[in-house]
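Shown next, in C-alpha cells, is the structure this report addresses.
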Amino acid sequence: MPSADTIFALSSGAPPAAIAIMRISGPSAFDILQDLAGRTPSPRRASVCTLRSPVTQEMLDQALVLVFPGPDTATGEDLVELHLHGGRAVVRAVENAIASFPGARRAEAGEFTRRAFTNGRMDLNEAEGLADLLAAETEWQRRAATKMFGGAFSAAIEAYRQDVLRLSALTEAELDFSDEGDVESQNNILITDGCAELQQKIVQLLASPPAEKLKDGLRIVLAGPPNSGKSTLLNALVGREAAIVSDIAGTTRDMIEVPVSVEGVALLFTDTAGLRDDSADVIERIGIDRSHAAMQQADILLWLGPEGEGPIHPNLIEISAKNDLKESLSKSADAIFVSAQTGAGVSELLHIVAARAKTLLPPPDQFAINARQRVFLDDAATALVACGESEDWLIIAENLRQVRLALDALTGRAHTEDLLDTVFGKFCVGK
Amino acid sequence: MTTDFDIIVVGGGHAGTEAAAVAARIGLRVALVSFDKNMIGAMSCNPAIGGLGKGHLVREVDAFDGLIGRASDDAAVHYRMLNASKGAAVQGPRIQADRKLFKASIQTQLGSLANLHIIEGEAAALHFLPNAPTRVAGLVLGDDIILTSVAVVLATGTFLGGKLFRGEERLVGGRVGEASAMLLSQQLRGADLPIARLKTGTPPRLDGRTIDWSQLEFQPSDDDDWTMSSMRSRRSVPQLFCAMSRTNAETHDIIRSGLHRSPLFAGDIEGRGPRYCPSIEDKIFRFGDREGHQVFLEPEGLDSHLIYPNGISTSLPTDIQAAMVRSMTGLAQCDIVVPGYAVEYDYIDPRCLDSSLAVRGFEGLYCAGQINGTTGYEEAAAQGLVAGMGAASKILAQPMPPIDRTNSYIAVMIDDLTLQGVTEPYRMLTARAEYRLRLRSDNAGSRLTPMAISAGAVAGERAVAFQERLLQQSALQSRLRETVSADALIKQGIAVKQDAGKMSLFDWLRFPQVSIAQLLALDSESWPLDLLMELEQDGRYAPYLARQDAEINDMAANEQIQLSPLMDYSAISGLSHEMVERLAASRPENLAAASRIRGITPAALAAILVHAKRAKIAVVEAA
Ligand SMILES: Cc1cc2nc3c(=O)[nH]c(=O)nc-3n(C[C@H](O)[C@H](O)[C@H](O)COP(=O)(O)OP(=O)(O)OC[C@H]3O[C@@H](n4cnc5c(N)ncnc54)[C@H](O)[C@@H]3O)c2cc1C
C-alpha cells in the first residue's frame, strides 16, 4: 500500500481524560512506533511499552500499544494505536514526538475514513453510515446507522448494479452483434421484464422512511385554540420550562421546538401559537399562520381543541388536557386524558407518542435512506421507467447507462469532488 | 533517389497508407516504405470494409479526407447497412470489396500526392545518431541504404515477428506468401519496448465454380444508393450477391476430430485471439451446444472466382479444412484454393503511446495499426490517420486536431488503447462509445471535417464541397427553427397530440412519428436527402444529448487538469499498488483520462488531483 504520508491524530475525546487514544496510520507507522517504543509488539495484542522521545530519550509516557498490520485494518494501511494517559501535556508531548518524523503529519478531518474508502475498506454508503453511527444519540439512530455502516445497503445496491450490467450487456449484444448472424435471442422480452423488475425493487427501497427523520426527530406538534393548555403540556412532556405559561390567551406567538429522546426515539416537540380567527395582533396572526404550516408538516399531531374539530391528519391524537379542572373539554374515551398540573397521564401519553412514532420510522431491521441516496435512486428508477417506454434499443441502452451512472454515484464509484468533501466533511479529526 | 524526408512510414497496409497520405496532404515530404510495391493497399483477410462501429471509423477517416472511404466505393460489389432496423446512431454501413479494385484505388490515390514517395524494400532498423539514442533520425533499409527523417511511423501490421500456423505446419511470414519483419522485431525487442504476442486467423478461400449456388439463400446488395465516402455520389461498380450457408452437426464432428492437431489447442500459439471474431474451432469448443453457425459466402471480386467464407476462420490441418467445408450445404463438391491459417505476431503494448500514437520515451517514433494490438482494416486506417497527423503536427508545431470521446469513434479507440491497453485484438464496437447517440456514421463530416480543414488535412476538392454543404446545412437549420402548432400538423395528417402546443420544427422531430419529410412537405425548396436525414436524426435524440451535456462539461473541466508524463504515482498516498501500476503504464495526459482507467476510484482521483496541484505549486515556487 504505497502512501507517502503517515497520518496521526488523537482519536478519543478532548483531554484531560483517563486515557487518550492516538492513532497512527500509513507506511511509516511501525517505524515510528519502533523509534518511540524501542520495539514493535506482536500484532493485535495489547502490550505495555515505554514511549521515549527519539531525540532526548526522555520518557514520554507508559502506554498500552496495539499494532495492526495492513491491509486488513480499518484504514487498509499499517495502523498503530497508542493508549496514553489522558493528560493534556502527555498528549501534546507524544504528538510532537510523532510529528518530528519525516513524512508524518496530523490527519485532516475525516482522513482515516477517507483512507479506508480509498483502500476499498468501505464504500460511500458505509462511510456515511459510520458518520451517522458516531453521531447517533438514540438507540434507533444507532441501529439504522449500523445497518448502513455494516454494508447491507451497499450489498443491495451492488446487486442492482449487477442486474443493470446484465441488462446492458443484453442490449449491447442486440446493438453490436445481432446483425452479424450469430446472436439468436428473445432479448427484448428479457430486457423489458428485467427493467420492470429492477424498477420495482428500487421503488420499494425508495419507500423506506427518510433517514433525516431518524436524525432530526419526528415532528410532534401540539395544536389547539388559545389557552387550551398546549404550553403547559409541552413543559410537562419535555420535563422542563421550555415554554412560557400564562393565562393570557395568545402568549405563545411563535413556535417553540424542543428535541427529546423518548424510548430510544428522537422526537421534536413543537408548541404552536393558539388558533383563533379573531386576533387583531399582527404578530399573533403571523404566529397562527405558522401554526397552520407546522400542523401540515407534523408527523404526529396532538390536538387539544374540541374533539373532531382538528385538522385532517393521518396521525392525530385527541388530547383532553387540563383534566384536573372543571373547564376541561369533555372528550370521548378514545382521547388521552392528561393533567399537566398533576402530571397524571403524561407518561402514558409519552408512551403512546413513542409507540406511534416507531410505526413511522424505519423498523430496526431496515435501512433509512438519506436525501443524497434518494436523489440517485430516484434517477435510477426514472431511467428504468424510460427503458420500458421505448422501443428504440439505443434509447434503452442510453437509459441503462444513466442507471449505471446513478448507482455508481450512490456507492461512490464515480462522482464529483464536492460530493466527497460533503461526505467527509462530516467527520471530526481522528476518525 | 531522394533519401531525406520529414516523415517515413513503414508499411503499405491500411494504417501505413493513411498515415503517409494525410502527412502528404498536410504538405510534408513523406516516404512510404513497404516490402512489395504491388501489395500496397492489399486486404489481408476478408474482402469487406465497414460494419458496426467499423463503418463509423470509415466515415470518420473519410471526413478527414482519408483514402479508405473512396477506395471502398471504388471497389464495392455489395452494399449493406447493418442494423438498418435500429436507431441511426448504431447503423453500420458495410461493403464487400473487389480486392483488385480496392488496391488499385489506394495506389491511384497515393499516386496523386506529389510529395509522397513510395520506396520498395525492407525496413530493417530504425536509424539513430550516436549522440541521441532516443531521437529517431531515419530508417535503415534491408540493403543498408539509410533514409533520414524527423519522424518514423511504424505500421507493420502482422509482420513483426510474424509466424503462420496451419495444423502441424509452421511458416515465417506476416501473410501467406509474404516475408516477416524479423530484423525490425529484434531491434524493437532490444529497445526495451513492451512487446507481447497476439494471434488472428483467416478462413480458407473457396473456388466459387465448385459451389452449388442453387442450394443457397442469397443476400442481395441494398437497394438504396448511399455510399461510403461523401466524395462519391453514386455506386460505380456492378453489384454481386452474397450467399449464406451454415455449419451443422457433421461439420462440428469433423472439427472436433481435428482439435488435437490444431496449433491453438496443442498450445503452440501463445498469443490471444479476438473474442469477437473467434476461429471456428474456438466456437465449437466454447459453444458446442449450438446447432450451427452461419457462414456468409462473399465474392472476392468481379473477375475472381475466389469466395471468402466469413465465419470459419481456422488453423486446422488442410485435410480437416477440406472435409469441414464439404460437410456444409451447397459446398459438397467445393474445392479449397488457399487453406486458412493463423498468424501470431508481435504487438506493442499501446499504453506506451500518447494520444497522437507517439511512443513515450522516444522522439519522433509513432506506431499505428495492428502493431498496436488492434484487428481490422478500419481500426488500422483510423490509427494511421492519427499517427500521420500526430507526426505532422509535431513537426509543424501545430496542435493536434481536437478529437475526443465526445466527437469521434477514432478518439474512443485511441483513448481505449492508450489508457487500458489490450488483452486480445481490439475491435471497434458501438458499445465502446458512451456518447454514441451523437456519433453517427451519417454526421461524421459535420463532426470532423471542420477540424480536418483547420489542420490542413483536406484537399481542395472536399473543402469546396464541404463549404457548400455547410451553407445548405445552416439554411436548413434556420428553416427548422421556425415554429408550428400541433393543430397545423394534425391538419397536415401528422399524428401528434392536440395539446402538444407550438414548437420549432426541430423540436417536433423528437417524436418518432414525425418525419422531416412530412414537416417540409409543403416547402417549394428541395434539400439534399442526406442532409435531411442527418438533421432529422439530430432532432430525434436532441433531448438525450442535452442531458449528456452536463456529464460532458464535467469531463471537459477535468481535461483541463494536466498530469505530467513524469508523475511519480508511487509517491501519492492512498493509491493501491494495482492503481499505481496501471497509471504508470498508461500515463494519462489529464485527470479526465485518469478517471477512465479501469479500477481508478474517485477517491484515488482526488488524491491524484491534490498531488498534481501540489506539484504545480512546487514548480511555480521553484521558478
Ligand atoms: C491472416 C490474417 C487474418 C486476419 N483476420 C482478420 C479478421 O478476422 N478480422 C479482422 O477484422 N481483421 C483481420 N485481419 C486483420 C486485418 O487484415 C488487419 O488488421 C489490417 O490489415 C491491419 O492493417 P495494418 O495497416 O496495420 O497492417 P497490414 O495491412 O498488415 O499492412 C502491413 C504492411 O507493412 C508492410 N511491412 C511490414 N513490415 C515491413 C518491413 N519491415 N519493411 C517493409 N514493409 C513492411 C507489409 O508489407 C504490409 O504492406 C487479419 C489479418 C491477417 C494477416
Side-chain angles (χ1 to χ4, degrees), chain A residues 1-7 25-27 71 75-77 103 111 114-120 123-124 127 168-169 171-182 184 383 386 390-399 401-402 404-405 408-409 411-417 419-421 424, chain B residues 51-53 80-92 94 244 246 276 283 287 290 293-296 310-311 428-432 434-437 512 540-541 544 547-548 551 554 557-558 568-577 579-580 595 601-607 609 611:
Chain A
M1 213 53 58
S3 297
D5 291 352
T6 295
I7 54 172
S25 176
T75 55
E77 305 175 316
E111 200 171 2
R114 196 172 188 130
R115 288 198 173 184
F117 177 66
T118 309
N119 292 323
D123 76 4
L124 208 48
S168 291
T171 314
E172 297 304 335
E174 201 58 41
L175 287 170
D176 266 334
F177 297 111
S178 71
D179 225 11
E180 295 196 338
D182 248 4
E184 21 188 79
S390 179
E391 305 217 320
D392 183 343
W393 289 110
L394 263 170
I395 297 299
I396 294 172
E398 171 66 11
N399 279 306
R401 193 178 74 88
Q402 297 290 342
R404 285 200 318 267
L405 287 178
D408 283 351
T411 51
R413 270 173 199 260
H415 49 74
T416 46
E417 188 49 21
L419 178 66
L420 266 187
D421 287 346
F424 289 103
Chain B
L52 300 176
R80 198 159 112 81
M81 186 62 82
L82 299 186
N83 268 350
S85 66
K86 300 187 182 118
V90 289
Q91 292 180 6
R94 179 180 191 270
M244 271 132 39
R246 248 187 121 68
Y276 305 110
K283 288 191 209 174
F287 309 103
R290 288 271 299 265
H293 297 269
Q294 198 149 32
V295 178
F296 290 92
N310 194 348
M428 199 66 229
L429 300 167
T430 73
R432 298 191 192 275
E434 56 275 58
Y435 305 113
R436 68 180 160 201
L437 286 178
R540 284 277 185 270
Y541 295 114
Y544 287 90
R547 206 166 68 177
Q548 287 179 348
E551 210 180 303
D554 267 3
N558 282 344
D568 179 5
Y569 288 101
S570 64
I572 301 179
S573 69
L575 297 187
S576 73
H577 188 65
M579 294 186 206
V580 171
S595 76
T601 60
L605 275 188
L609 174 68
H611 191 83

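Keep in mind that the numbers below use all heavy atoms, side chains included, and drop hydrogens, waters and symmetry copies. Bear in mind that the values here come from a model prediction, so they are computed numbers and not experimental data. First the proteins, then the strands, lettered A, B, ... as listed; each starts at 1.
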* Of all of B:N310, B:V295, B:L437, which one pairs up most often with chain A through heavy atoms under 4.5 Å apart? -> B:L437

Heavy-atom pair of closest approach, residues [X] and [Y]:
X: A:L394; Y: B:A89; value: CD1-CB, 3.5 Å
X: B:N83; Y: A:E174; value: OD1-O, 4.3 Å
X: B:L52; Y: A:L175; value: CD1-O, 3.4 Å

Between [atom1] of [X] and [atom2] of [Y], what distance do you get to the nearest 0.5 Å?
X: A:N399; Y: B:R547; atom1: CG; atom2: CZ; answer: 5.0 Å
X: A:D392; Y: B:Y544; atom1: CG; atom2: OH; answer: 8.5 Å
X: B:E551; Y: A:L405; atom1: CD; atom2: CG; answer: 5.0 Å

* Min side-chain heavy-atom separation B:Q548-A:R401 under 4.5 Å ->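 A side-chain contact under 4.5 Å exists here.
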
* Structure fact -> Honestly, the part of A:E391 sitting under 4.5 Å from a heavy atom of chain B is neither

* **Toward chain A, the part of B:M579 with a non-hydrogen atom under 4.5 Å** => side chain

* Residue B:E434 versus chain A: region with a heavy atom under 4.5 Å ->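 Both parts, backbone and side chain.
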
* Asked: What residues form a side-chain contact (heavy atoms from CB on, under 4.5 Å) with A:S168, not counting sequence neighbours?
  -> A:V164, A:L400, A:R404

